[in-house]
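Encoded as structure tokens, the structure appears first; notes follow it.
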Amino acid sequence: MTKFSDLNLDPLVLKAVAEAGYETPTPIQAQAIPHALEGRDVLGIAQTGTGKTASFTLPMITLLSKGRARARMPRSLVLAPTRELAAQVAENFDTYAKHTKLTKALLIGGVSFKEQDLLIDRGVDVLIATPGRLLDHFERGKLLLTGVQIMVVDEADRMLDMGFIPDIERIFQLTPFTRQTLFFSATMAPEIERITNTFLTNPAKIEVARQATTSETIEQRLVAFAPSRRDRAFGEKRAMLRALITAEGEGCTNAIIFCNRKMDVDVVAKSLKAHGFNAAPIHGDLDQSQRMRTLDDFREGTLRLLVASDVAARGLDIPAVSHVFNFDVPSHSEDYVHRIGRTGRAGRKGVAVTIATPADDKYLGQIEALIKREIPRAPVPEITFDDRPDRGDRPARGRHGDRDRDRDRPARGERSDRRTAPRTEPQQQPVAAPAPAPQPAAEDTPRPPRRDDRRRDSRHDRDDTPVVGMGDHMPEFLTRSFARPAAVNAEPDTETAAG
DNA sequence: AAAAAAT
């Protein structure tokens with residue numbers, strides 16, 4: 001079997017590799033490194049977790065170790081789709097280039113230009129960047145790409161998803177025709193194929209088997225439940241999530257909780273914290289410094305629950321996550337594979353729990369088609385709903401609220417799915433309550449001012465007024481006409497046609 | 001129904 005020492009790498013690189021504890025290259029490393037060292041273009045079809053990063057950093061350091069950088073003219077360039085990924089590549093360089101004198105700069109958005117400018121001015125051997133910030137520097141005239149000898153594109157298919165391909169093409173055109181190109185993508189979409197045909201010269205094509213999508217080390221579960229009411233789905237899912245985390249007990253050492261929307265990431269993280277869980281959010285709208293800090297805390301173990309958007313689904317190197325929770329079913333089936341792939345790594349056992357509502361059926365079908373198996377259905381935990389501090393600025397649901405609901409929905413207790421249906425209110429409340437004393441109309445009940453009007457779910461669920469279906473009581477707002485003020489209706493015909 | 005990345 002090949003060892004790193006057989007690969008013709010610079011002795012100083014080999015030393016650092018050995019110190020990092022590696023002896024045997026992964027398949028992509030064993031195949032890509034010799035070609036890269038020969039100066040050939042490489043087209044690597046491989047996913048995260050295959051050792052892709054080292055397959056280009058090690059030969060790059062070796063090739064660059066001779067020669068020195070000139071001011072504003074980096075000798076090599078690595079492009080990554082997200083800031084975290086770029087930062088990760090930079091860390092990799094630090095690890096493996098530590099015995100060399102190579103310099104590097106990390107050019108990503110969300111941080112000040114000043115330090116980056118300073119480094120570029122001094123001259124760097126390796127420039128690691130996200131496309132937007134790189135072009136920004138270029139346009140400000142601070143950067144010349146005509147000295148680039150080696151260019152790496154990492155996670156090209158993700159760049160495509162994110163609309164970066166035009167930027168990538170432009171950057172390619174700013175670098176010399178004679179450069180060496182190392183290009184990595186998990187898939188070969190037609191657009192990716194076109195780019196590689198245009199910008200790579202006779203590349204060595206290396207394909208590494210995709211990680212088993214449903215690796216045996218990941219135990220997948222599906223928690224399928226129907227929210228008691230559409231507008232309660234969000235709150236009930238939060239309660240469900242808490243119950244699921246709690247049920248895992250100590251076995252859940254750390255977990256990533258994925259939501260589909262950034263806003264939900266924030267609310268879920270806040271809600272978990274309010275319930276005493278050690279949780280923090282990460283998504284693209286947060287400060288870069290905060291994103292980094294949160295990731296560091298999570299890696300170090302001081303943070304147990306990372307609530308994330310799909311920014312964290314791919315690429316990020318987060319070792320040893322015991323659990324992944326999908327608070328939302330991802331709407332791209334590929335993302336499901338990426339998300340659950342954050343657990344069960346390196347032979348360790350992992351658990352991936354997905355919360356699904358009937359609205360997710362379509363996406364669930366696509367996911368199960370992709371992974372070619374059904375996700376085993378797990379029992380739905382019972383949830384109680386009236387202990388939410390994130391709604392704690394309102395009086396706890398009073399007995400009359402529950403009683404009213406019981407009265408309004410006499411069929412509830414008879415539902416056949418009662419055992420598995422989530423409880424949305426404590427059913428042990430005295431059902432045989434005394435005859436309703438005349439209650440003040442909800443509108444007259446003095447209520448403390450609500451601070452959470454911004455909250456997405458408060459809009460629907462504003463008070464304890466019972467919902468009476470559409471039977472004998474119709475909420476006033478529904479009786480209002482849908483007609484808009486005449487002034488707005490300049491073209492009434494096109495308006496209806498558009499709907 | 002979305003997320004990511006330049007300000």
Side-chain angles (χ1 to χ4, degrees), chain A residues 48 78-89 106-114 116-117 120 127-143 153-171 174 186 227 230-231 233-234 237 256-269 281-292 295 306-316 326-339 342 354-367 456-457 459-460:
Chain A
T48 319
V78 180
L79 294 171
T82 67
R83 298 169 186 173
E84 275 78 9
L85 270 170
Q88 227 165 262
V89 173
L106 175 63
L107 303 190
I108 57 175
V111 294
S112 95
F113 281 91
K114 215 173 146 192
Q116 298 179 354
D117 278 341
I120 296 170
L127 202 58
I128 301 153
T130 46
R133 181 54 76 99
L134 181 86
L135 286 172
D136 208 343
H137 276 283
F138 180 80
E139 278 156 14
R140 292 158 77 245
K142 291 284 185 181
L143 189 59
V153 179
D154 198 8
E155 306 244 340
D157 53 335
R158 204 163 171 214
M159 302 242 195
L160 176 69
D161 288 347
M162 291 165 66
F164 278 156
I165 292 301
D167 287 348
I168 298 299
E169 287 188 75
R170 188 162 160 229
I171 295 165
L174 298 172
R230 202 190 171 126
D231 57 282
F234 191 52
K237 277 168 85 171
I256 307 179
I257 297 153
F258 286 104
C259 303
N260 287 358
R261 282 163 296 238
K262 290 182 275 198
M263 197 172 145
D264 292 354
V265 168
D266 283 330
V267 177
V268 169
I282 187 162
H283 60 69
D285 280 355
L286 295 173
D287 265 14
Q288 190 55 29
S289 58
Q290 201 188 333
R291 277 162 68 168
M292 298 277 198
L295 266 185
L306 183 69
V307 188
S309 68
D310 278 316
V311 70
R314 307 193 204 185
L316 290 194
N326 284 315
F327 184 82
D328 296 309
V329 175
S331 52
H332 283 322
S333 45
E334 283 281 335
D335 285 335
Y336 177 81
V337 178
H338 289 295
R339 287 181 180 186
R342 318 278 16 182
T354 300
I355 302 177
T357 65
D360 300 316
D361 278 354
K362 190 173 122 203
Y363 299 118
L364 202 57
Q366 289 169 2
I367 290 167
R456 50 177 295 141
D457 54 344
R459 193 169 31 138
H460 307 286

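Chain A is the first sequence line, chain B the second, and so forth, proteins listed ahead of strands; every chain is numbered from 1.
Residues A:H283 and A:D266 bring a donor and an acceptor atom of their side chains to less than 3.5 Å of each other.
Residue A:R158 places no side-chain N or O under 4.0 Å from the OP1 or OP2 atom of B:dA5. Considering only side-chain N and O atoms, A:T130 lies under 4.0 angstrom from the phosphate OP1 or OP2 of B:dA6. The phosphate of B:dA3 (OP1 or OP2) has no side-chain N or O of A:R291 nearer than 4.0 angstrom.
Between the C1' atom of B:dA2 and the CZ atom of A:F258 lies a distance of 14 Å, rounded to the nearest Å. Nucleotide B:dA2 holds its P atom 20 Å from the CD1 atom of A:I282, rounded to whole Å. As a whole-Å value, the separation of A:D285 CG from B:dA2 P is 13 Å. In this structure, A:K262 places its NZ atom 6 Å from C1' of B:dA3, rounding to the nearest Å. Atom CZ of A:F164 and atom P of B:dA3 are 15 Å apart (whole Å). A straight line from CG of A:L107 to C1' of B:dA5 spans 14 Å, rounded to a whole angstrom. In this structure, the CG atom of A:D167 is 9 Å from the C1' atom of B:dA6, given to the nearest Å. Following rounding to the nearest Å, A:Q288 (CD) and B:dT7 (C1') show an atom-to-atom distance of 15 Å.
Candidate nucleotides B:dA5, B:dA4, B:dA3 were compared by shortest atom distance to the side chain of A:R261, and B:dA3 ranks first. When the nucleotides B:dA6, B:dA2, B:dA5 are ranked by their closest atom to the side chain of A:T82, B:dA5 comes out on top. Considering only the side chain of A:E84, B:dA5 comes nearest among B:dA2, B:dT7, B:dA5. Nearest to the side chain of A:R133, among B:dA5, B:dA6, B:dA2, sits B:dA6. Side-chain atoms of A:H332 lie closest to B:dA2 of the nucleotides B:dA6, B:dA4, B:dA2.
A:L107 places a side-chain heavy atom less than 4.5 Å from the side chain of A:I120.
Residues passing the side chain to side chain donor-acceptor pair (under 3.5 Å) test with A:S333: none are found, sequence neighbours excluded. Taking A:R170 as the reference, A:E139 meet the salt bridge (Lys or Arg N to Asp or Glu O under 4.0 Å) condition, with sequence neighbours excluded.
Comparing A:C259 and A:E139 by the nucleotide of DNA chain B whose heavy atom lies nearest to each, the residue mapping closer to the 5' end is A:C259.
Nucleic acid contact class of A:S309 (heavy atoms, under 4.0 Å, all strands): sugar-phosphate only. Counting non-hydrogen atoms under 4.0 angstrom, A:G110 reaches the backbone sugars and phosphates but no base. Within 4.0 Å of A:P330, counting heavy atoms only, lies no atom of the nucleic acid at all.
Here the side chain of A:N260 pairs a donor or acceptor atom with the backbone of A:V329 at under 3.5 angstrom.
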